[in-house]
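Chain identifiers are assigned alphabetically (A, B, ...) following the order of the sequence lines, protein sequences preceding nucleic acid strands; residue numbering begins at 1 within each chain.
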Amino acid sequence: MSIKENQLKIYNSLGRKKEDFIPINSPHVGMYVCGPTVYGDAHLGHARPGVAFDLIFRYLKHLGYKVRYVRNITDVGHLENDADFGEDKIEKKARLEQLEPMEIAQYYSDRYMDNMDSLNILRPSIQPRASGHIIEQMEMVDKILDAGFAYKVNGSVYFDVVKYNETHNYGELSGRNIEEALENTRELEGQQEKHSNVDFAIWKKASAEHIMRWNSPWGSGFPGWHMECSAMSTKYLGETFDIHGGGMDLRFPHHESEIAQSVAANGKEPVKYWIHNNMVTINGQKMGKSLGNFITLDEFFTGTHNILDRAYEPMTIRFFMLQAHYRSTVDFSNEALQAAHKGFEKLMKADDSLEQLKTATTSDFDVAQWQEKCYAAMDDDFNSPILIAHLFDAVKYINSIKGGKMKISAADLALLTTSFRTFVFEILGLRKDKSAGDGSQLSAKLIDLMLSVRHQAKLDKNWATADEIRNQLSNLGILIKDTKEGSEWELA
RNA sequence: GGUCUCUUGGCCGAGUGGCUAGGCAACGGUCUGCAAAACCGUCUACCCCGGUUCGAAUCCGGGAGAGACCUCCA
């Protein structure tokens, strides 16, 4: 399979500039993205990296790359508060609800995947769980100890950031200067075990009441915060791979520490291109669990959060996110989502119209050049908003042909149809939601019956009856749309 | 406090040294028995103050405001 000729550029967080995308082992591409910690329902913020990296995954595949996409499920290891008093997040929830920790993790990861499916996010090639890779994480801890970049204290193992920084640059990704950080020492409590407060645990001793624990050479415990991603990315993608993604909030300390761990253990930089998606904000502020200002995806789909004016289809949310570039923040509001909903509908209707277009001998629009512009948008760091703008140019053209104001040749129509659909469905990953068909067959037939009665009334110029039917159906939430071809209906 | 980012028309949101994205809303029109829907058209913005330049919303400096990270976080 050949790679489609392209000039794909990717903004690399490591270096903060756009670079030509040249895979290490073309046509193979390895991509690792930080997935969710499964101790709660996915919210709008989780949809952002889901959609962003799905777009990247889809486009790379479209270009002909063979992509192995790995997205982890974190079901152990995240500490709350500081290290000494922290307890595993999953364990805490379990104790509160009297359930097995793994039961919670399974429940929420299933729900997460259902949500992602709704958003038409392709499943990654591998979705490894942290709890299933304890051995690999212990092996990596061992390697870091052997390399001399970690030390053992009371059954825990800490990464020696200060020592690492003597020969490497801890802070290369986040633009931090550790020496400065050390000078502005803040008083931190309960950190006597660490040689320095910039050090972090790579293996943590489990307290007596800690349920999620594994035996290790250092005693009974669990892996540190950042180990899972280093261990699993190395296992499935190799010591050096092409793309590592995640939310911007993970840049420090999570990704910075991942780099340090991999370099310490394997002696080489793990990632060629770091890609970070920006946040979803609500009233200008980051939507997040700790801030308590999040809306879950299920609440969006059902409209059950009191801040929501209505329910929003998954595709509305997907389109809403694709209308912003992945590196920009995107601000939630009902108004913005309703605008996205309408725009999306317009796009889908234009797709339907493609079937009905009549061809001519010439075209009034340079379809080949239009296609080039679409590729140029995607090649420029996956610029979906620009692509969507071009798609709406095509929509306007399609509608003008339909209205008899412009012409298209048969060859151009074929090209327009395939490219339009490729970009809309294959690359942007949009999908027509089965909406009107949701009602029972019987209801649909009854509505059609009412419409034919109304049609006859209109032919008889019996406007009172025609309007009565329209109004009554409207009261039931069924919207009549009169077109030249006859009447259509949809659920409001 | 430190590091970094952002500030675009009624709203959302691209872009970037000259060629004036796009969506939604609004307004005008076409269509329609009326209405809605649909479609077409119109609407020329870039926080403030300096500077560089033939030319800046775009580059540089200063100011104001907002946000992210520095603790788990998508």
(request) May I ask you to verify if any side-chain N or O of A:S328 is less than 4.0 angstrom from the OP1 or OP2 atom of B:A14? (result) yes
(request) Have a look at A:G284 and say if it touches a base, only the backbone sugar-phosphate, or nothing, with a 4.0 Å heavy-atom cut-off. (result) sugar-phosphate
(request) Find the distance A:L347:CG to B:C39:C1' and express it as a whole number of Å. (result) 16 Å
(message) Starting the side chain at C-beta, find the nucleotide from B:A74, B:C70, B:A21 nearest to A:A389.
(response) B:A21
(request) Measure from the side-chain heavy atoms of A:H46 and tell me the nearest of B:A21, B:A74, B:G33. (result) B:A74
(message) Just the rounded figure in Å: distance from P of B:C39 to CE of A:M348.
(response) 13 Å
(message) Before we go on, tell me: are the rings of A:F159 and A:Y170 under 6.0 Å apart, centre to centre?
(response) no
(message) Check this for me: does the side-chain of A:D467 come within 3.5 Å of the base of B:G33 through a donor and an acceptor?
(response) yes
(message) Can you work out whether A:H226 or A:K342 has the more 5'-proximal nearest nucleotide on RNA chain B?
(response) A:K342
(request) Could you say whether the aromatic ring of A:F392 and the base of B:G23 stack, counting only centre distances under 5.5 Å and plane angles under 30°? (result) no
(request) State which of B:C34, B:A74, B:C40 makes the closest approach to the side chain of A:R454. (result) B:C34
(message) Under 3.5 Å for both donor-acceptor distances, Watson-Crick or wobble: does B:G17 have a partner, and if so which one?
(response) none
(request) Please measure how far the P atom in B:G61 lies from the corresponding atom in B:U5, and state the result in whole Å. (result) 12 Å
(request) Would you mind pulling out the nucleotide paired to B:C46, Watson-Crick or G-U wobble, both distances under 3.5 Å? (result) none
(request) Please tell me which of the listed nucleotides, B:C70, B:A36, B:C4, lies nearest to the side chain of A:K481? (result) B:A36
(message) Mind checking if A:Q338 touches a base, just sugar-phosphate, or nothing, with heavy atoms under 4.0 Å?
(response) nothing
(request) Please work out whether the ring planes of A:Y59 and A:F382 are parallel, tilted or perpendicular, with thresholds of 30° and 60°. (result) perpendicular
(request) Just name whichever nucleotide pairs with B:A64, Watson-Crick or G-U, keeping both distances under 3.5 Å, else none. (result) B:U7
(request) Using only heavy-atom distances, decide whether a donor-acceptor pair under 3.5 angstrom links the side-chain of A:R470 to the base of B:A36. (result) no
(message) Please give the distance between the P atoms of B:U7 and B:G15 as a whole number of Å.
(response) 10 Å
(message) Under 4.0 Å between a side-chain nitrogen and a carboxylate oxygen: does that hold for A:D381 and A:R327?
(response) yes
(request) Mind telling me whether A:F294 and A:H43 have parallel, tilted or perpendicular rings, with 30° and 60° as the class edges? (result) tilted
(message) Cation-pi check for A:F252 against A:R176: NZ or CZ below 6.0 Å from the six-membered ring centre and within 45 degrees of the axis, yes or no?
(response) yes
(request) Take atom C1' in B:G10 and the same atom in B:C69, then report the distance between them in whole Å. (result) 33 Å
(message) Go nucleotide by nucleotide along RNA chain B from the 5' end; which of A:D249 and A:R327 gets its closest nucleotide reached first?
(response) A:R327
(message) What is the distance, to the nearest angstrom, from the CG atom on A:L473 to the P atom on B:A35?
(response) 20 Å
(message) Between B:A56 and B:G18, how far apart are the two C1' atoms, rounded to whole Å?
(response) 9 Å
(request) Give none if B:G41 has no partner; otherwise give the nucleotide forming a Watson-Crick or G-U wobble pair with it, both distances under 3.5 Å. (result) B:C27
(request) Kindly assign one of parallel, tilted or perpendicular to the pair A:F423 and A:Y375, based on the angle between their ring planes and the thresholds 30° and 60°. (result) perpendicular
(message) Partner lookup for B:U52, please. Criteria are Watson-Crick or G-U wobble with both distances under 3.5 angstrom; report none if nothing qualifies.
(response) none
(message) Nearest to the side chain of A:K286, heavy atoms from C-beta on, is which of B:A36, B:A74, B:C11?
(response) B:A74
(request) Quote, to the nearest angstrom, the P distance that separates B:C49 from B:C31. (result) 49 Å
(message) Work out how far the C1' atom of B:G29 is from that of B:A14, and round it to whole angstrom.
(response) 29 Å
(message) For a quick test of reading the model, state the closest non-hydrogen atom pair linking A:W370 to A:A394 and the distance between them.
(response) CZ2-CB, 3.6 Å
(message) If the cut-off is 4.0 Å, is A:K346 near the phosphate of B:C24, judged by side-chain N/O to OP1 or OP2?
(response) yes
(request) For residues A:R454 and A:I480, report the shortest heavy-atom separation together with the two atoms involved. (result) NH1-CG2, 3.5 Å
(request) Considering only atom P, compute the distance from B:G50 to B:G55 and round it to an integer number of Å. (result) 16 Å
(message) Does B:C6 have OP1 or OP2 under 4.0 Å away from a side-chain N or O of A:T329?
(response) no
(request) With heavy atoms under 4.0 Å as the rule, sort A:V280 into base, sugar-phosphate or nothing. (result) base
(request) Write down the distance between CG (A:D381) and C1' (B:A14), rounded to a whole number of angstrom. (result) 13 Å
(request) Just name whichever nucleotide pairs with B:A57, Watson-Crick or G-U, keeping both distances under 3.5 Å, else none. (result) none
(message) In whole Å, measure the gap between the P atoms of B:G2 and B:C59 for me.
(response) 25 Å
(request) Go ahead and name the base partner of B:U32; Watson-Crick or wobble counts if both distances stay under 3.5 Å, otherwise write none. (result) none
(message) Applying the Watson-Crick and G-U wobble criteria at under 3.5 Å, what pairs with B:G1? Answer none if nothing qualifies.
(response) B:C70
(message) Using OP1 and OP2 only, check whether a side-chain N or O of A:N177 sits under 4.0 Å from B:U3.
(response) no
(message) Under 3.5 Å, is there any donor-acceptor pair linking the side chain of A:D482 to the base of B:A35?
(response) yes
